[in-house]
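Position 1 is the first residue of the sequence, and the numbers go up from there. In each ligand, atom 1 is the first atom listed, and ligand 1 is the first ligand listed.
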Amino acid sequence: MKATAKAHTNIALIKYWGKRDESIILPTNSSLSLTLDGFYTTTTVAFQEDLSKDSFILNDQSVEGEAYQRVTNFLDKIRNLSGKTNLYAEVSSINEVPTAAGFASSASGFAALASAGTRAIGVDLSDEELSRLTRQGSGSACRSIYGGFVEWEMGSRTDGKDSQAVQIKPETHWDVRVAAVVLSSTMKKISSRAGMKRTVETSPFYTGWLDSIPNDMKEIKSAIRDKDFEKLGTVAESNCLKMHATTLGANPPFTYWHDTTLRVMHTVQEMRANGIPAYFTIDAGPNVKVLYLPENEDRVKEKLQEIPGVDRVTLSKPGPGVTYL
Ligand code: DP6
């Protein structure tokens with residue numbers, strides 16, 4: 001009763017920002033992402049009759065506390081699906097750089113856990129069913145089941161049966177690259193979970209955000225279909241700015257941006273003014289991801305690395321969906 005799965009992280013081009021149900025994680029808006037090849041989690045789940053509780057080892061270290069609780073709560077969902085509610089598991093995960101590269105590891109982490117866990121216990125799910133299950137661990141993780149360009153359809157049901165990710169185009173469709181720009185200084189972290197909750201509850205700008213999603217979604221899908229990079233980047237950058245604008249209206253107000261974050265944003269806009277097509281997007285933290293095309297890789301990397309306050313720049317290509325090892 002053992003299985004190993006590998007899942008890659010993803011970067012949202014249309015952001016998921018807000019929940020309509022916190023317990024089974026249903027979003028207030030649909031989102032769209034690109035799965036990345038550079039960063040992934042490999043997880044082995046072994047269910048064993050002789051265990052009296054779950055254990056979780058991450059990068060060879062035993063994990064306790066909140067992170068352990070999230071894993072064991074998620075294993076409960078897998079146990080319930082299988083009917084084997086008294087069977088505990090040893091979970092061991094290796095994260096390939098995600099935190100150091102400024103990515104949240106929860107997307108690849110829960111996608112790998114859901115995939116390995118269901119396979120180990122013998123529950124056979126379709127990709128859409130697996131995505132719906134994964135969503136309940138961490139919202140953005142439901143997109144990491146698939147490679148390439150992926151949409152998380154928000155759905156409208158209260159039981160979540162129509163809220164899952166689907167692949168729009170595979171990773172082979174279009175070689176859009178992503179540079180992860182990691183800043184050297186950190187700041188007090190408001191998790192994406194807490195940040196989106198505060199924004200939904202208090203920001204007067206939140207309805208404006210929601211109103212703008214259908215058009216952004218339509219535009220970005222046509223950009224992906226037509227491989228129109230300028231359009232893709234323009235929509236992604238503006239969607240990111242709208243998401244971050246909602247946080248300034250929250251009570252208490254907050255921003256994820258750091259002075260270096262702004263410096264990177266300006267550099268990207270300057271690159272465009274100088275004829276290098278590049279666009280930024282930012283998640284719930286100060287680091288920046290820059291979209292570019294392969295022919296501009298060297299110039300983009302060089303420009304980003306020169307910015308004072310940037311610690312390192314890591315490059316990624318479109319990546320695949322979940323695989324089993
Ligand atoms: C800004 O998926 O980390 O990265 O569902 O509470 O686990 P939970 O949140 P999470 O939020 C990701 C928010 C984001 C945008 C995105 O990835 O779509």
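Shown are Leu87, Val45, Leu133; of these, the side chain to side chain contact (heavy atoms under 4.5 Å, CB included) with Ile78 is made only by Leu133. The side chain to side chain contact (heavy atoms under 4.5 Å, CB included) test with Lys289 is passed by exactly one of Leu13, Val264, Val178, Ile282: Val178. The residue from Phe280, Trp257, Phe205 that alone fulfils the ring pair (Phe, Tyr, Trp, His ring centres under 6.0 Å) condition with His244 is Trp257. For the side chain to side chain contact (heavy atoms under 4.5 Å, CB included) with Asn239, the lone residue among Thr234, Thr281, Ile213 that qualifies is Ile213.
Note on Asp216 versus Lys242: salt bridge recorded, some NZ/NE/NH1/NH2 to OD/OE distance being below 4.0 Å. With salt bridges taken as basic N to acidic carboxylate O contacts below 4.0 Å, none links Asp124 and Arg119.
Listed by number with element, the atoms of ligand 1 under 4.0 angstrom from any heavy atom of Arg193 are 6 (O), 7 (O), 8 (P). Shown in contact with Arg70 at under 4.0 Å from a heavy atom are these atoms of ligand 1, numbered in order with element: 7 (O). Heavy-atom contacts of Ala12 reach the following atoms of ligand 1: 16 (C), 17 (O), 18 (O) (cutoff under 4.0 Å).
Comparing His244, Gln136, Met196 against atom 11 (O) of ligand 1, the shortest heavy-atom distance belongs to Met196.
A heavy-atom separation below 4.0 Å is not found between Glu22 and ligand 1.
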Problem - Worked check of salt bridge (Lys or Arg N to Asp or Glu O under 4.0 Å) between Glu151 and Lys221 - result: CA-CA 9 Å; Glu151 179 182 3; Lys221 281 183 180 171; 2.7 Å; yes
Exercise for the section: Could you give me the CA-CA distance, side-chain angles and deciding distance for Trp17 and Thr246, then say whether side-chain hydrogen bond (donor to acceptor under 3.5 Å, both in side chains) is met? Expected result: CA-CA 10 Å; Trp17 195 239; Thr246 66; 3.2 Å; yes
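For atom 2 (O) of ligand 1, the closest heavy atom belonging to the protein is Ser140 OG, 2.6 Å. Remark: minimum distance from atom 15 (C) of ligand 1 to any protein heavy atom is reached at Tyr16 O, 3.4 Å. Here the protein heavy atom with the shortest distance to atom 7 (O) of ligand 1 is Ser138 OG, 2.7 Å.
The N/O atoms of Arg143, backbone and side chain alike, include one that comes under 3.5 Å of an N/O atom in ligand 1. Annotation: Lys19 places an N or O atom under 3.5 Å from an N or O atom of ligand 1; distance criterion only. The shortest N or O to N or O distance between Lys15 and ligand 1 is not under 3.5 Å. In terms of polar-atom proximity, Ile14 is not counted as a contact of ligand 1, lacking any N or O under 3.5 Å from an N or O of the ligand. Between Ser192 and ligand 1, at least one pair of N/O atoms sits closer than 3.5 Å.
Side chains of Gln69 and Asn73: a donor on one and an acceptor on the other come within 3.5 Å.
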